[in-house]
2 protein chains.
Amino acid sequence: MIIDSDAVRQQEGSSKCAGSPEGTAQDRTALVRGILSRIGDKWSVMVICSLGVRPLRFNELRRAVSGITQRMLTSTLRALERDGIVSRTVHPTTPPAVEYALTDVGHDLQCVLYSLATWADDHADTIHTARARYDERTRA
Amino acid sequence: MIIDSDAVRQQEGSSKCAGSPEGTAQDRTALVRGILSRIGDKWSVMVICSLGVRPLRFNELRRAVSGITQRMLTSTLRALERDGIVSRTVHPTTPPAVEYALTDVGHDLQCVLYSLATWADDHADTIHTARARYDERTRA
DNA sequence: CAGCATCCACCTTGATACTG
DNA sequence: CAGTATCAAGGTGGATGCTG
């Protein structure tokens, strides 16, 4: 589906990364695409990070993730809940109290997101200067 | 900007993840959002993965990333080049030959993407069943 | 408090045609 | 070969009003 085999077959083992023992490049690509379509939207990461600190109720989350609307918070939470990344616990009081928390899977995901953040941290300067130089050259 | 401090301040050290020594949750969230807005689009990851195998020329890439249009390949490559994730080398022959390759930064990013893929691999079953159960319950 | 329903603007992507 | 330009379509997210 994703990658044509002819163009990519050679030098399959050229990656110097640790890990990544089995699975084709195509598989990996598809998997990453799947995750990104899940958490690559505008709000999922912020929700996950907020819940990573501690479980929160709906309106607590709304305040924590500043700028989000109820509509987007609702749909984001539903999507994450559907995939078992966050749990939703209803306490049948009046008024109702609903608590959202990261599941174990969600917590693992949060760890991976930290590795992403670490990458960004490590290369922030490089990226920034690269961007500045690129903009410099293309403005001319 | 991202996260309101009141709702999140407590229990800052509750994350059981390895790493992540300094930096606030807000910083991390902003960083991850930044990356995701860069590579969270429809094609960036596939391009990165393709170039991770070996450097490719424009039309090789177009064949490798099946389904992509010239327009999207061009804009994806420009964005990645701007951030110093891929390099663009023009060989002034006739017809012109342009080679795209991952930079060191891009290669590091590819490694992080592998950790994302590993997460997806590890939890694919859990997610799938969670999703099935969720759809089951909501259909009723 | 914790949502759902509706309508709408914009942005991303795709299709297509053309160029050095 | 390696692009650029233009136009159209669809999805994503925002604003608003209403409910148990």
Side-chain angles (χ1 to χ4, degrees), chain A residues 1-2 4 6-7 33-34 36-47 50-51 55-82 86-101 134 137-140, chain B residues 1-2 4 6-7 33-34 36-47 50-51 55-82 86-101 134 137-140:
Chain A
M1 161 204 183
I2 301 301
D4 178 73
D6 287 339
R33 278 290 318 146
L36 290 176
S37 61
R38 194 62 33 187
I39 63 167
D41 60 80
K42 196 170 179 182
W43 301 108
S44 289
V45 171
M46 301 192 204
V47 169
S50 296
L51 291 179
L56 294 168
R57 290 171 54 185
F58 188 85
N59 279 314
E60 286 178 321
L61 260 174
R62 197 147 78 91
R63 283 186 292 271
V65 183
S66 63
I68 198 171
T69 59
Q70 314 100 313
R71 189 174 111 79
M72 290 318 296
L73 181 54
T74 301
S75 69
T76 300
L77 285 169
R78 290 291 176 274
L80 295 174
E81 187 197 354
R82 187 173 108 101
V86 309
S87 64
R88 178 175 182 273
T89 313
V90 182
H91 299 95
T93 57
T94 44
V98 180
E99 187 175 82
Y100 292 92
Y134 185 92
R137 274 180 317 195
T138 52
R139 219 189 25 249
Chain B
M1 163 204 184
I2 302 302
D4 180 71
D6 287 341
R33 279 289 319 145
L36 290 176
S37 62
R38 192 63 32 185
I39 63 166
D41 60 82
K42 197 172 178 182
W43 302 107
S44 289
V45 171
M46 300 190 205
V47 170
S50 296
L51 292 179
L56 294 170
R57 291 171 55 185
F58 188 85
N59 278 314
E60 286 178 321
L61 259 174
R62 196 147 77 91
R63 282 186 292 272
V65 183
S66 62
I68 198 171
T69 59
Q70 318 97 309
R71 193 177 106 79
M72 289 319 295
L73 181 54
T74 301
S75 69
T76 300
L77 285 170
R78 292 288 177 276
L80 294 175
E81 187 197 354
R82 187 172 108 100
V86 309
S87 64
R88 178 175 181 271
T89 313
V90 183
H91 299 94
T93 58
T94 44
V98 180
E99 187 175 81
Y100 291 92
Y134 185 91
R137 273 181 316 193
T138 52
R139 220 190 21 252

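Just so we're clear, the structure is a prediction, and the values are computed from it rather than from any experiment. Because only heavy atoms are used, hydrogens play no part in the values below, and waters and symmetry mates are left out as well, while side chains stay in. A note on names: the letters A, B, ... follow the listed sequences, proteins ahead of strands, and every chain is numbered from 1.
- Between its two ends, the helix from C/dC1-D/dG20 to C/dG20-D/dC1 turns its axis by 50°, counting five pairs per end and rounding to 10 degrees.
- Taking atom CD of B/Glu60 as the reference point, atom C1' of D/dC1 lies 11 Å away to the nearest angstrom.
- Looking at the side chain of A/Met72, the nearest of the listed nucleotides D/dG14, D/dA2, C/dG3 is D/dG14.
- Listed here is the closest heavy atom pair of A/Ala64 and A/Leu56: CB-CD1, 4.2 Å.
- With rounding to the nearest 0.5 angstrom, the CH2 atom of A/Trp43 is 12.5 Å from the CG atom of A/Leu77.
- Straight-line distance from the CD1 atom of A/Ile68 to the C1' atom of D/dT12: 13 Å, rounded to whole Å.
- Distance check: A/Thr74 OG1 to A/Arg62 CZ gives 9.0 Å after rounding to the nearest 0.5 Å.
- Across B/Asp41 and B/Thr76, no two heavy atoms sit closer than the pair OD1-OG1, 4.5 Å.
- Between the CG atom of A/Leu61 and the P atom of C/dC1 there is a distance of 14 Å, rounded to whole Å.
- For the pair B/Leu80 and B/Leu51, the minimum side-chain heavy-atom distance is 4.5 Å or more.
- The two atoms that bring B/Tyr134 and A/Arg78 nearest to each other are OH-CD, 3.3 Å, heavy atoms only.
- Heavy atoms only, all atoms of each residue included: A/Gly40 and B/Arg33 are closest at O-NH1, 4.2 Å.
- Contact check, A/Tyr100 against C/dG3: a side-chain N or O comes under 4.0 Å of OP1 or OP2.
- Within the structure, a side-chain polar atom (N or O) of B/Arg78 is placed less than 4.0 Å from OP1 or OP2 of D/dT4.
- Residue A/Glu81 contributes atom CD, which lies 14 Å from atom P of C/dA2 at whole-angstrom precision.
- One can place CZ of A/Arg62 at 9 Å from C1' of C/dA2, the figure rounded to the nearest angstrom.
- For C/dG3, its base never sits under 3.5 Å from the side chain of A/Arg71 at any donor and acceptor pair.
- In this structure, B/Leu36 and A/Leu36 approach most closely via the heavy-atom pair CD2-CD2, 3.5 Å.
- Checked against D/dT4, C/dG14, D/dG17, the side chain of B/Trp43 finds its nearest nucleotide in C/dG14.
- Nucleotide C/dT16 holds its P atom 11 Å from the CD atom of B/Gln70, rounded to whole Å.
- The nearest whole Å value for the distance from the CG atom in B/Leu77 to the C1' atom in D/dG3 is 11 Å.
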- Task: Could you walk me through whether A/Leu73 and A/Val65 pass side chain to side chain contact (heavy atoms under 4.5 Å, CB included), step by step?
- Result: CA-CA 9 Å; A/Leu73 181 54; A/Val65 183; 5.6 Å; no

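- Atom CG in A/Leu73 sits about 8 Å away from atom P in C/dG3, given to the nearest Å.
- In terms of heavy-atom proximity, A/Pro96 sits nearest to A/Arg57 at O-NH2, 4.0 Å.
- Look at A/Arg57 and you won't find any side-chain N or O under 4.0 angstrom from OP1 or OP2 of C/dC1.
- Taking a 4.0 Å limit (strictly below) on heavy-atom distances, residues 89-99 of chain A reaches DNA chain D at A/Pro96.
- Taking 4.0 angstrom as the limit, A/Lys42 places a side-chain polar atom (N or O) nearer than this to OP1 or OP2 of D/dG14.
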